[in-house]
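All remarks here apply to the structure that follows.
The chains referred to below are lettered A, B, ... by the order of the sequence lines, with proteins before strands, and numbering in each begins at 1.
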Amino acid sequence: MDFNHKQVEQWCKSFWAEHQTYKVTLDTDKPKYYVLDMFPYPSGAGLHVGHPLGYIASDIYARYKRQTGFNVLHPMGYDAFGLPAEQYAIQTGVHPADSTDKNIKMYRAQLDNIGFNYDWDRQVKTSDPKYYKWTQWIFIKLFEHYYDIADKKAKPVSELITLFEQGGSEAVKAAHANEEAFSAEAWNAMTAHEQDAVLMNYRLAFRKVAYVNWCEALGTVLANDEVKDGFSERGGHPVEKRPMMQWALRITAYAERLLDGLNKLDWSESMKTMQRNWIGKSTGAQVFFQLADFEEKIEVFTTRPDTIFGVSFMVLAPEHDLVEKISTIEQKEAIDKYVLAAGKKSEIERMAEGKTVSGCFTGAHAIHPFTQKRIPIYISDYVLKDYGTGAIMAVPCDDARDKRFAEKFDLEIVNIIDKSAFPDAGIGDKVGVMINSDFLNGMKVKDAIKETAKQLYERGIGKRYTNYRLRDANFSRQRYWGEPFPIKTKDGVAVAESQDKLPVELPILDDFKPTAEGKSPLAKVTDWVNTDAGIRETDTMPGYAGSSWYFFRYMDALNDKAFASKEALNYWKEVDLYIGGTEHAVGHLMYSRFWTKFLYDIGEVQIEEPFKKLINQGMIQGVIEYIYLAKEKVNGKSKFVCSLIAESQGLENFSKLPIHVDFVEDYGSKDSYINRAGIEAFIQWRPEYKDAIYECGLGAYEMGTFKAKGNAKDSKLMTESEVGKMSKRYFNVVNPDTIVERYGADCFRMYEMFLGPIEQSKPWDTQGIEGVAKFIKRLWSLFYTDGDWRVNDVEPNKEELKALHSAIKKIHKDLNVFSFNTCISQFMMLVNELKKQQTTSKIILQDVVRLIAPFAPFLAEELWNKLGHKTSVHHSDYPEFEESYLVEDTVTYPICVNGKKRTLLDVPNGTAKDEIEQMAKALPDLDRWLEGKQLVKIIVVPNKMVNFVVK
RNA sequence: ACCGAUGUGGCGGAAUUGGUAGACGCGCUGGAUUCAAAAUCCAGUUUCUUCGGAAGUGGGGGUUCGAUUCCCCCCAUCGGUACCA
């Protein structure tokens, strides 16, 4: 009997369902282990072979952990709110809930096909009112809390109000947005509306003005993704930044704890570094510059207060609040033009244009706080509104960008640091001695930094200050398909919904277009918006709302009294292993950590960090094949040419058209091409090109005939190959279903793991799966030969035991470092050896089955059953290795001369160092290498190698 | 522009703390089997070579008896950059 994967998979699925093999309960007798995948957004395109990479790895690990005695929680769910479903709804009228559910069904079928051991009873869906009830509940908690800096934790706003009533703003040290101080009397005299405005500056969920990408022509707010070079990607309409009152989360209050928490995590250093850089803590000074002809001061933050005497001008972000006020009449027109142009650029574009300097003089001046000189104030792209204070003091002599700016606008450059003692030091390096700097002259840079900060404070100009690059998180979206805010506004005061009114459900709509004013479609549901208790918030929450806490919900997914029971939260605690893509390296992980810390502060959870160990899986890429289309038509006909022709005629005369990879021969290689059959398949697929000319070096295909040059028989139109994203738009998507159908789920799983290290990106190559398919056949043939069961009770020999136990050892070791690809190689080597040994011993083969069960769950379950077991192999113990089987009699040493291997030497295990040296010296093979040279020394590294050093 | 990662045969990749570069596969070549094909099995497969060897892990330098591994500089590709998910 051959291995029939379809039959076996079907049998296993029903066996697992019947025995509830993957059901997880709260079993305090066993240690817990929580393995989590980043949950997917259920897109209409379904899963391609890249998606399950991480899921397979986590599935293997979860099964391995279960077999080694842990109670393993391994759930799956859907990040179901999102923009694509809404856009689809706008285009087709299909309600996002319906399309999302349809997509989820497809995902589920695809996931089931691969044999994952999820406990589906715990599935979550962020768009389910039973789920987002608790997202809203947490939002209300954020709204009702502020952050106490002294106690380093969140506290109820009700306590803050009491403090204000008793002592005004001085009574509390809290994270807040506005510096204005007030007394208890002033607080008590405020109207409810005024008090609400003050509290907004303190709440962890609060409202503030934020900028959105407004597209007038489309009448909607666009995601950054949908804007290219100041124009909408769809339609190419102009886009501008527009201020809007929006909800935000005060994540900055947690900056220091988010930074500290990283130290305890078992994440890669690169991941931690990315998070640290994202938080961007820097210490320096806050300095105020008095405006020359206005009351206001400009606040700047600098990490280099020592350079203050080098300040010869200031630069504001174009969006800075003061720009309009201080610009002089003469400069107004130029300033307005510049501000408008800057508003059209994205932050990336503004930063990426580092080499071309632009800016505009406001006409206004500031007073230098130490020299009292008047210095000009400019605006420029390279200063960003949301970084620091949106204003900088420019030091052209020691900052590359300031220098370029000064050179362009012909501004004074005062040299204030003598770096002559450090010839290698570049601009901005903190070395040298201060010059031209009044009281700082002669000081080293480091001392000058301290001294300036001290002087700033004493003279009331500024003070020491810690700045974070991290910004408060914008939490509003002007969209339909997201969680409604549980907030009503009555008489200008924001009021949270009471818990018994939750969830605030999304009203059913059939028109998903935004309103003319750029408000969410919800604004059109007037009877939902207007209630006696106030006006509802019509914005919805962003994608990361539901995903910032879902890992807790899995612990107790059906609970309707709490987001999870205390019992479940205390048992499962945190995620032990989290696998997902690097694209979430900062955003999602940062928000989840923030929410977890907040829930910890308010006593809801016991842990401060949600993800103990993190693995980032790489992407599986596809091959993208392009053909060259001439930009100019020939006699009114489109013309495609071979890549060689395109190169010789100049690539700028051609556009690249992605073509379905199935039409291309040798796709992915340098020599990929389409033959006549390929051209005909292409024409069937894209009938608009049926009249086109397809020219290559061997001839041209046109209207069904191939006119050859010379005696060529077929077209060989070379295509351009590229490794890139696997995506619908490149027609290179490989669906796991097709692979599973043909090769079986076990083969698919093992092949995905075999491709390479889990953390690296690598291209998909369907052809390569043959190797794993052969391996599975060979493995099966150890149990069945020509349909006969061949396993018996014969005692294993030494070689068999050694092969088995070195495999067990290696698999344990590799799994502990998540090196799945080398596990597969190891299995191949084991099976090759057992084939060679003609193994039939049950003792050996039974362990092979248990060993491979996490990787090939179907095959293993089937064989386990045939070996006579009634319970699942996935609840069996994992094999342990015996060191005694692995002891070698002899060690083979490479004998090197100057580090280069020249010969080998077999030495009995345990031979002494000097004895090995003598044996090596006596080797006749070495004479030719040592002859005429002077032997300097011999290095013997036990169990490694011997090296002769000669001159 | 900034932050992070990656770079080894024709291809995917392997190589404990610095110690035999190319494990395990794909592909390719030759052979066995077959009427033939598929499948299977066996052998070979980094490049160059005067067949003695020599070179070789993106490029250039350095440390070391010895570097894919450690350090410095550079190049290329990928991910992220706060409203794609």
What integer number of Å spans the [atom1] atoms of [N] and [M]?
N       : M       : atom1 : answer
rC48(B) : rA43(B) : C1'   : 24 Å
rC42(B) : rG4(B)  : C1'   : 48 Å
rC78(B) : rU63(B) : P     : 35 Å
rC72(B) : rA5(B)  : P     : 13 Å
rC2(B)  : rC71(B) : C1'   : 24 Å
rA67(B) : rG61(B) : P     : 14 Å
rU16(B) : rU20(B) : P     : 9 Å
rG60(B) : rC83(B) : P     : 44 Å

Check this one for me: any side-chain N or O of [X] less than 4.0 Å away from OP1 or OP2 of [N]?
X         : N       : value
Asn616(A) : rA5(B)  : no
Asn832(A) : rG25(B) : yes
Arg778(A) : rC41(B) : yes
Lys944(A) : rG18(B) : no

Whole-Å gap separating [atom2] ([N]) and [atom1] ([X]):
X         : N       : atom1 : atom2 : result
Ile769(A) : rC11(B) : CD1   : P     : 21 Å
Leu384(A) : rA1(B)  : CG    : C1'   : 11 Å
Lys937(A) : rU64(B) : NZ    : P     : 11 Å
Leu470(A) : rU81(B) : CG    : C1'   : 13 Å

| request: May I ask you to say whether Glu269(A) pairs ionically with Arg276(A), meaning some side-chain N is under 4.0 Å from a carboxylate O? | output: yes
Output the single nucleotide from [options] whose closest atom is nearest the side chain of [X].
X         : options                   : value
Tyr544(A) : rC83(B), rA23(B), rC65(B) : rC83(B)
Met274(A) : rG19(B), rG4(B), rC83(B)  : rG4(B)
Arg469(A) : rA82(B), rG19(B), rC24(B) : rA82(B)
Met828(A) : rG19(B), rG80(B), rG25(B) : rG25(B)
Asn224(A) : rC26(B), rG80(B), rA82(B) : rA82(B)
Met829(A) : rC83(B), rA85(B), rA23(B) : rA23(B)
Lys901(A) : rC26(B), rG66(B), rU20(B) : rU20(B)
Ser270(A) : rA5(B), rA82(B), rC65(B)  : rA5(B)
Lys774(A) : rC26(B), rA1(B), rG13(B)  : rC26(B)
Asn474(A) : rC84(B), rC83(B), rC65(B) : rC83(B)

| field | Smallest separation among heavy atoms of Asn474(A) and Arg477(A), with atom names | value |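 Residues Asn474(A) and Arg477(A), closest heavy atoms: O-NH1, 3.5 Å.
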| What is the glycosidic conformation of rG22(B): syn, defined as within 90° of 0, or anti? |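 Anti conformation here, the glycosidic angle of rG22(B) being more than 90° from 0.
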| query | Is rG56(B) syn or is it anti, if syn means the base angle is within 90 degrees of 0? | reply | anti
Mind checking if [X] touches a base, just sugar-phosphate, or nothing, with heavy atoms under 4.0 Å?
X         : answer
Lys835(A) : nothing
Glu583(A) : base
Gln826(A) : nothing

[N] base / [X] side chain donor-acceptor hit below 3.5 Å:
X         : N       : result
Gln621(A) : rC78(B) : no
Lys813(A) : rU16(B) : yes
Gln246(A) : rC83(B) : yes

| Watson-Crick or G-U wobble partner for rA54(B), using a 3.5 Å limit on both distances? | rU47(B)
| query | Using purine N1 to pyrimidine N3 plus N6-O4 or O6-N4 for Watson-Crick, or N1-O2 and O6-N3 for G-U wobble, each under 3.5 Å, what pairs with rA5(B)? | reply |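 For rA5(B), the partner nucleotide comes out as rU77(B), under the 3.5 Å rule.
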| said: Checking side-chain polar atoms at under 3.5 Å, does Tyr743(A) have a donor or acceptor matched by the opposite partner on Glu770(A)? | reply: yes
Name the orientation class of the two ring planes belonging to [X] and [Y] (parallel below 30°, tilted from 30 to 60°, perpendicular beyond 60°).
X         : Y         : answer
Phe475(A) : Phe485(A) : perpendicular
Tyr544(A) : Tyr591(A) : parallel
Tyr784(A) : Trp780(A) : parallel
Tyr78(A)  : Tyr107(A) : perpendicular

| request: Determine whether the aromatic ring centres of Trp595(A) and Tyr550(A) lie less than 6.0 Å apart. | output: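 No, the ring of Trp595(A) stays outside the 6.0 Å limit from the ring of Tyr550(A), centre to centre.
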